[in-house]
Amino acid sequence: MITWLGLDVLYIRLLTTQLQPYMEYNFRAIEKKWQEQWVNSHAYRVKNDSTKPKCYVLDMFPYPSGAGLHVGHPLGYISTDIYARYKRLKGYNVLHTMGYDAFGLPAEQYALETGQHPAVTTAHNIKTFREQLDNIGFCYDWSREINTSDPAYYKWTQWIFLQLFDSWYNRRTEKAEAISELVKIFEKEGNSQHPCPGDRQIQFTAAQWKGYTEAEQRDILMQYRLAFLAYAEVNWCAALGTVLANDEVINGVSERGGYPVVKKKMRQWFLRITEYANRLLEGLETVEFSDAMKEMQRNWIGKSQGAEIKFNIKNSDEQIEVYTTRPDTIFGVDFMVIAPEHELVKKITTPEQQAAIDAYLEYVQSRSERERMSEVKQITGCFTGAYAINPLDGREVPVWIAEYVLAGYGTGAIMAVPCGDQRDFNFARHFNLPITNIIGDAFTGEEANPTKDAILQNSNFLDGIDMRKGADMVISKLEEMGIGRRQINYKMRDAGFSRQRYWGEPFPIIYKDGIPYAVEEKDLPVELPHIENYKPGPEGEGPLANITDWVNIAPGVKRETNTMPGYAGSSWYFLRYMDPHNTQTFADRQISDYWNQVDVYVGGTEHAVGHLLYSRMWTKVLYDLGHIGFHEPFRKLINQGMIQGSSRFVYRVRGTNEFVSYGLKDQYETDALHVDVNIVDGVVLDVEKFKAWRNEYADATFILENDQYICGQEVEKMSKRLFNTVNPNDLVSRYGADTFRMYEMFLGPVEQSKPWDTKGIEGVHRFLKKLWRLFADEQKGLVVTSDNPTPEELKVLHTAINKIDNATNSFSFNTAVSAFMICVNDLTTLHCHKRNILESVLILLTPYAPHIAEELWQLIGFNESILNAPYPVYKEEYTKESDFTYPIAINGKTKTEMSLPLDMDEAGLQAAVLANEQVQKYLDGKPLRKVIIVKGRMINLVV
RNA sequence: GCGGAUGUGGUGAAAUUGGUAGACACGCCAGACUUAGGAUCUGGUGCCGCGAGGCAUGGGGGUUCGAGUCCCUUCAUCCGCACCA
């Protein structure tokens, strides 16, 4: 009987699907069909010229990691995809592209462990990423795909590096200029007009310049170049024979293996980004970044105004130069602190203190910079035995070294004013140093007071003077005495640009007798040689140093063996998309003039100070040198929030293979173990899948509650290691790309971070099915009519147009999705199947759910793709109301409401409200004190 | 320690300029249809209260006729960092 019926139903189903093959929402078939169609018709090819206005919409391109794409990646990609499609419908020529930031440490690390060449794993990972991206139906112009590890791409990364190498920053014209121009200046007038940014001590006349050897001249030029060589400390791990990133060092030992890590000075490349500090700061005024983002960049650049002051050392010819933002506090200086790395340490330490200083230096050597920054409560330091002399009153104060003063900032030395600076105060307390109070009652003796508004005391000629005024007086006095000067300082440091690694861009630099020269342009790219062994070279050099045939070009001629850091390729990739196949230049000037700035750039905040500052700097350099016509790369920036993982836990009873459900776990001694979120439905574990998940769990037993195993949960970073990653492919195959796209948007504002939760996806899927039913009925087939729409239907449509247009334009995609739902719900209630209404709905929907929109568009008879349809225009006349339901409040609390004409004036409204019985009841005869009427908003009666 | 962000129902969230807090969803409850349903549809759902009503946007204070929104203060959570003088 049951079989009979079942077969019967099946038969009818088959019959109907054969007769009306498209009448149910078969998203799998629809999405596959249109994705193929779009590829075949080159639907997303973009031309570099058009009569339409241009719009450049860009994602931060991904590093193709082995873990593949997780649901966090597409959040930003879907946003830009919607925006790009929206702008296209609005009549723009839209550049929307994707590529891969393919150089990086993980691939090299993997190669070290497995012997697999990074090029091979990278290519494999890119393939995976591409498949995952294609699944979601993005409108990228894939003919413009780029890969930073492709020689055809990094040829131009190297070329731009050479532009930096061949340039200097002219502080007079405030822009980068060719080194050859600088040489002409030196030949004419020496460097008196252009003090050396790398070393202020360097001063010479034209005659002296001409007398220098080539080596000497090039040494000097190196101090001016925007890409330059200098010595800097790196984290050196002797046991691993390699240099480590800060991340890889934990508590002074290597993360891998736990070997000791010390600092080692190495000659490395730097970018002189500090010369651009002020322009990077000013440029922020011209771009649309969030205030938070601008604030972070400003803080990173860290412009401060202050003074440099020289202190003599007692019984010595040496001087300590300090930078301070508070010259007004100079009479409150109770001691000096210099960085342990400071070159003066050797010179001024007294014999009695030598042993203590040596011991302290050894201690500092073991401390990572990160530790020195974050461990504030631990106060350490050591007295050098030397005394500095306050230049204004001759007071002698002890000179200490301490790790809280860093060599890289300012002059690497500070004058300590314990009554005004908390760190100095703590230091003085800890070492029992006397504290001079120069701010009277403002200083309690219990903590420092960094005020700028006190009246100075105990301050010699500044007594009774306001601090702000005092600062100026001190600077003038010091300048007069020739021992100090006003100085603007930036906390940003020059950017380290060398990595002792294999998987990065080789430098286009050769050394002749130790002097660096640029590789000729015609010899670019300097290709990364293929190697079999990824082990580091001698003395911490990169693996390239091992390839002697490659390194040694001729006797006395060697290649640079460092490679460029991860951010090299990403600092200019947005330019390459414009003209990706050009072999003559990185991007044709006419084409980059056409596309100009990226109009909207979307990516995570983690790049706030790295990538975004570097790419802004590179853009400015290329602009200065005349290669492009704009000096800020990104006109508008949207920061997508981080999708966090929502981890699930099972609780194993200690020493057994038995797992106890969350609610009962406290009755046992258990260990919490991460379990793959993909085998958990909500918090309910699929026990069978769990057993199959890993061999060790095959025989697992369970203590259930209500016949279910309930998992614990916690929000953590989404990571393969925590088994909380969700692959978009799984969701796409279950619900379709359109549902997935809309669900990611429906989750909340793009900018907001939130844990991933698949729960609500059903609601979005239901919405699309409901939309489908406005067009087609499984039994009756297509139900769209040509009837004229009613005012009510037009109102629903135009309310939706208005809301969705505005929401899309302002990246408020979550509210747009809800507007779609409201629209479809309303049309369903109205039984509206009219093409006049539905056509517009489909166009509105195209950016969000392009596959279903295109399918229905074709179903209702269009031959042309919906991708180029004209965006509906909102007409206010359809949504206008004549009445408004006023909330009536008494003393600010809403008590009732009244529907009144919108054009009624205030007097009329007041009369109508007071005449209302309900209102009279609430007023209860109390005298009216005030009536507040906001037309079209609310009415408030104050009694 | 510094910098940035975020706190609204059981959950994700919504709320132009200060003007009806909780739209839209998820979940849950009840019901309809159905052999069945992880399908579809209808109704309900912030909290307390039988009710009138009261209370609600992390806590406390303030400005205002009116505050999720503005100001002060405080707590919690997340992210970043180079103790930046």
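By convention in this document, chain letters (A, B, ...) are assigned in the order of the sequence lines, proteins followed by strands, and residues within each chain are numbered from 1.
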By ring-ring contact (aromatic ring centres under 6.0 Å, His included) - contacts of [X] (at least two apart):
X: A:H607; value: A:H611
X: A:Y323; value: none
X: A:F289; value: none

Take atom [atom1] of [X] and atom [atom2] of [N], then tell me their distance rounded to the nearest Å.
X: A:L747; N: B:rU11; atom1: CG; atom2: P; result: 16 Å
X: A:E744; N: B:rG12; atom1: CD; atom2: P; result: 17 Å
X: A:N426; N: B:rA85; atom1: CG; atom2: C1'; result: 14 Å
X: A:I301; N: B:rC2; atom1: CD1; atom2: P; result: 22 Å
X: A:Q297; N: B:rG80; atom1: CD; atom2: P; result: 17 Å
X: A:M898; N: B:rG19; atom1: CE; atom2: P; result: 23 Å
X: A:E403; N: B:rC84; atom1: CD; atom2: C1'; result: 15 Å
X: A:F813; N: B:rA13; atom1: CZ; atom2: P; result: 17 Å

Which one is paired to [N], where only Watson-Crick or G-U wobble pairs with both distances under 3.5 angstrom count?
N: B:rG46; value: B:rC55
N: B:rC70; value: B:rG62
N: B:rC78; value: B:rG4
N: B:rG31; value: B:rC41
N: B:rA36; value: none
N: B:rU16; value: none

So does [X] get a side-chain nitrogen or oxygen closer than 4.0 Å to the phosphate oxygens (OP1/OP2) of [N]?
X: A:Q752; N: B:rA13; value: yes
X: A:R423; N: B:rC84; value: yes
X: A:R493; N: B:rC84; value: no

Going by the rule side chain to side chain donor-acceptor pair (under 3.5 Å), which residues pair with A:Q752 if we only count those two or more places apart in sequence or in a different chain?
none
Pairwise [atom1] distance, [M] and [N] [rounded to whole Å]:
N: B:rG18; M: B:rU64; atom1: C1'; result: 9 Å
N: B:rG7; M: B:rG58; atom1: P; result: 8 Å
N: B:rA36; M: B:rU40; atom1: C1'; result: 14 Å
N: B:rG10; M: B:rA5; atom1: P; result: 28 Å
N: B:rC2; M: B:rU8; atom1: P; result: 26 Å
N: B:rG43; M: B:rC48; atom1: P; result: 25 Å
N: B:rC33; M: B:rG51; atom1: P; result: 31 Å
N: B:rA32; M: B:rG37; atom1: P; result: 13 Å

Verify whether one side chain among [X] and [Y] offers a donor that lies under 3.5 Å from an acceptor in the other.
X: A:E403; Y: A:T380; result: yes
X: A:T808; Y: A:Y848; result: yes
X: A:Y874; Y: A:T879; result: yes
X: A:K770; Y: A:N825; result: yes

Given B:rG19, B:rA85, B:rA39, which nucleotide is nearest the side-chain atoms of A:V934?
B:rG19
Please pick, from B:rG3, B:rG38, B:rA85, the nucleotide with the shortest atom-to-atom distance to any side-chain atom of A:E295.
B:rG3
Pick base, sugar-phosphate or nothing for [X], based on heavy-atom distances below 4.0 Å to the nucleic acid.
X: A:T605; answer: nothing
X: A:R773; answer: sugar-phosphate
X: A:P749; answer: sugar-phosphate
X: A:M415; answer: nothing

Specify the residue among A:S304 and A:G748 whose closest nucleotide of RNA chain B lies further upstream toward the 5′ end.
A:G748
For A:K754 and A:R326, take the nucleotide of RNA chain B holding the closest heavy atom to each; which residue's nucleotide lies nearer the 5' end?
A:K754
Applying side chain to side chain contact (heavy atoms under 4.5 Å, CB included), name anything that partners A:V609, two or more places apart in sequence or on another chain.
A:W300, A:L613
Hits for side chain to side chain contact (heavy atoms under 4.5 Å, CB included) against A:D494, two or more places apart or cross-chain, chain-then-number order -> A:F228, A:F270, A:R272, A:I273, A:T274
Would you list the protein and nucleotides 63-67 of chain B atom pairs, both N or O, that sit under 3.5 Å from each other?
| residue | atom | partner | partner atom | Å |
| --- | --- | --- | --- | --- |
| B:rC65 | O2' | A:N940 | ND2 | 3.4 |
| B:rC65 | O2 | A:N940 | ND2 | 2.5 |

In B:rG43, glycosidic geometry as syn within 90° of 0 or anti otherwise
anti
Measuring only between side-chain heavy atoms, which start at C-beta, is A:V417 closer than 4.5 Å to A:R326?
no
Tell me every residue that passes salt bridge (charged side-chain N to carboxylate O under 4.0 Å, His left out) with A:E308, counting only those two or more places apart in sequence or in another chain.
A:R200, A:R485
Which atom pairs link the protein and nucleotides 23-28 of chain B when you take only N or O atoms and keep those under 3.5 Å?
| residue | atom | partner | partner atom | Å |
| --- | --- | --- | --- | --- |
| B:rA25 | OP1 | A:N825 | ND2 | 2.5 |
| B:rC26 | OP1 | A:R766 | NH1 | 2.4 |

